[in-house]
Protein chains: 2
Amino acid sequence: MSATIKSVAEYAGVSIKTVSRVINNEGTVKPDTLAKVQQAIDALDYRPNKAARDLAGRDNYVLGYVYDNPNAYYILAMQNGILKECRSNGYELLIHPCDATNPDIIDELVNMVNSARLAGLILSPPLSEMPDVLQAMDDKGIQYVRVLSGDKAPDNKPCVLVDDYQAARQITGHLLDQGHQRIAFIAGEKQHHSTTERQRGFYQALADHGIQADPELVIDGTYSFGTGVQSIQQLLALPEPPTALFACNDEIAAGALFGARMQGVDVPEALAIAGFENSPFSTQTFPPLTTASQPTAQIAQRATSSLIRSLQARKRKAENHTIPADIFVPELIVRESTSR
Amino acid sequence: MSATIKSVAEYAGVSIKTVSRVINNEGTVKPDTLAKVQQAIDALDYRPNKAARDLAGRDNYVLGYVYDNPNAYYILAMQNGILKECRSNGYELLIHPCDATNPDIIDELVNMVNSARLAGLILSPPLSEMPDVLQAMDDKGIQYVRVLSGDKAPDNKPCVLVDDYQAARQITGHLLDQGHQRIAFIAGEKQHHSTTERQRGFYQALADHGIQADPELVIDGTYSFGTGVQSIQQLLALPEPPTALFACNDEIAAGALFGARMQGVDVPEALAIAGFENSPFSTQTFPPLTTASQPTAQIAQRATSSLIRSLQARKRKAENHTIPADIFVPELIVRESTSR
DNA sequence: GAGTAAAATGACAGCGTTGTCATTATTATG
DNA sequence: CATAATAATGACAACGCTGTCATTTTACTC
């Protein structure tokens, strides 16, 4: 039988409430009392019973990860990062897949948070970028942290930023450095900020080099292999086809690579291709794809840690405890698909 | 405020204990009482409070899903299926990614089960196929359910079977029906039973048609795009190359498709290619891949339900409550990659 | 050193469920 | 039809913790 708060209290010669104060860092315990209790906790190898805490306390020590994103690798990496941080802080994770296009999505989320008594929510794109969802969470007083694309926080609510703009600028810059002048861009879903940010970075890099973007070379699509295949056909059929392509993600890039091969166009000799996201398969294409790597698990971990800290701060009524937003810049990974 | 067992009891006009009996499937409730309670539960949208159950009861209502599988789609599908069943039974899910090649894996698992007080474990390949892991679980009295490849249960401990053998036989049969005689096979990791079962099905189908398998046409590899690319080069370089290929999964098939194109070999005209698993990208290759679809989420759901039932049975001391193993046969999906 | 404010500690009632055991309704038996 | 055996239901005390509020101890003032 494992130790309970009662046995710790007896061992330390204090009341259970004092032990409770110690384990919750309430800070109103005298240093020598605290030492006694700490020692008792260590001696008995006491670990608070989560079920009892949840039942007795106001909040549950459970965080929620809500996602709707077709990219399984991304979700899993997020999940792993969140999990890691949850574990080291005694929190548990509730996973909730959902459909962001569902008109009742807001009710669904509010319901879930209430019925599972979640302490807070971790939101990734596209949910983290839906104003009405965020508004509803604010209205209901539900704590959350967002992972979103951008180079500065849109407001002062907790978020972790992924600077797709900067990374896209670097990738495009890399292509330009290789001597390319006609560079095509294939976009993903416009609802994802990542797409617009990457596109913004693309344009900025061209501007940096004094190059006027050719609208014919910019194609809208979805984050899919199919988009890559179709778009590259369209691009190669142009009177003056591009010599390089920046695809909004690796799946599009892989599709474009496939499409180019189908038309007998050599990569990278006749066409350089860069992707984004550093998906596992980006090393398995022939040639391997130049891409940008976002440390998704690390981003998730940071987001979770920031959520937990703000949760604890709120509990101690430390009102204006603002946590500065972290920014991650995906790192350029050069592989053979853009060799000279 | 969400409904409690007390409000359900009042609504149904019974005692809270009777409601408890209903939600725990204790089976000693009269049919019409049960109906009344069920209706009250539905009307009030009651969901048992996990913390209270955990605290009051002996076991925790938490299941664990332990996985080590490179295929993100598979994991996510499993997870969704498990989650669905967990939710409808008031269980929670603890996700635990791990590395099956880690020598301390067994300690890691036992530790995790104990410290999180898990009620049971859901194991998928390759963990579900590691005898020492299973042995350790048995020794420690940890309940589990396995998802594994096979056409009959290897023992009488709970499992859900995926009949890769039968499905592989069907795919190979489909290729044979198209008139192919020289059919190649590319295998995945031999540690995965799915590989050996699929290979067995392949051989059986050939034997069914009185064809002797040519060892030159059978290549060992890993479940990866790269294996596909390399293997197909090797196969096409043969004096008498195959006219059809059965790849052990879609990733290999996609690689083979890519490799064939690179060599100027048309698919399906000069080479028919079939994969396995019905991965999301199998519709996005050109041409789309013939494959076999395992309803992974459904399999996971069934496995979870079987675990939960056996957990409840054990609780009621119903000693020899054996649940027959479910068998799922993946379904053949014919697409253009094997058209005549 | 008395009086007061503030800090530290404790007593005790829940939280929502399950387990135990007592009670009541139903069925089977002679 | 009475009685025993069994099935169905209920009353109530835990489970281990936190919140509230009362009480005690300490620090500070004049």
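This one's a predicted model, so the numbers in the text were calculated from it and none came from an experiment. Side-chain atoms are counted along with the backbone in the values below, which use heavy atoms only and exclude waters and symmetry mates. Order of the sequence lines fixes the chain letters, A, B, ..., with proteins taken first and strands second; residue numbering starts at 1 for each chain.
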In whole Å, I'd like the distance from the [atom1] atom of [X] to the [atom2] atom of [N].
X	N	atom1	atom2	result
B:K50	C:dC15	NZ	C1'	15 Å
B:I16	C:dT18	CD1	P	9 Å
B:D54	C:dT18	CG	P	10 Å
B:R53	C:dC15	CZ	C1'	16 Å

Give me the ring orientation class for B:Y91 and B:Y61: parallel if the planes are under 30° apart, tilted from 30 to 60°, perpendicular past 60°.
tilted
From the candidates D:dG16, D:dC21, D:dC15, the one with an atom nearest any side-chain atom of A:I5 is D:dG16
Consider the side chain of A:T4, meaning its heavy atoms from C-beta on, and name the nucleotide among D:dG16, C:dG16, D:dT18 that approaches it most closely.
D:dG16
When you match A:I23 and A:K30 each to their closest nucleotide on DNA chain D, which lands nearer the 5' end?
A:I23
Using heavy-atom distances to pick each residue's nearest nucleotide on DNA chain D, tell me which of B:A56 and B:D32 is more 5'.
B:D32
Looking at [N], I'd like to know if its phosphate oxygens (OP1 or OP2) sit under 4.0 Å from a side-chain N or O belonging to [X].
X	N	result
B:S15	D:dG10	yes
B:T33	D:dA8	no
B:T18	D:dT9	no
B:S20	C:dT18	yes
B:N49	C:dC15	no
A:Y61	D:dC17	no
B:T28	D:dA8	no

How long is the gap from CG on B:L307 to SG on B:C159, to the nearest 0.5 Å?
12.5 Å
With A:D326, the salt bridge (Lys or Arg N to Asp or Glu O under 4.0 Å) member among A:R302, A:R146, A:K152
A:R302
By nearest nucleotide on DNA chain C, pick out whichever of B:K17 and A:G13 is the more 5' one.
A:G13
C:dG19 base to B:R21 side chain: any donor-acceptor pair below 3.5 Å?
no
Backbone N or O of A:A51 within a donor-acceptor pair of the B:D54 side chain at under 3.5 Å?
no
Tell me if a side-chain donor or acceptor on B:S124 pairs with a main-chain N or O of B:V147 at a distance below 3.5 Å.
no
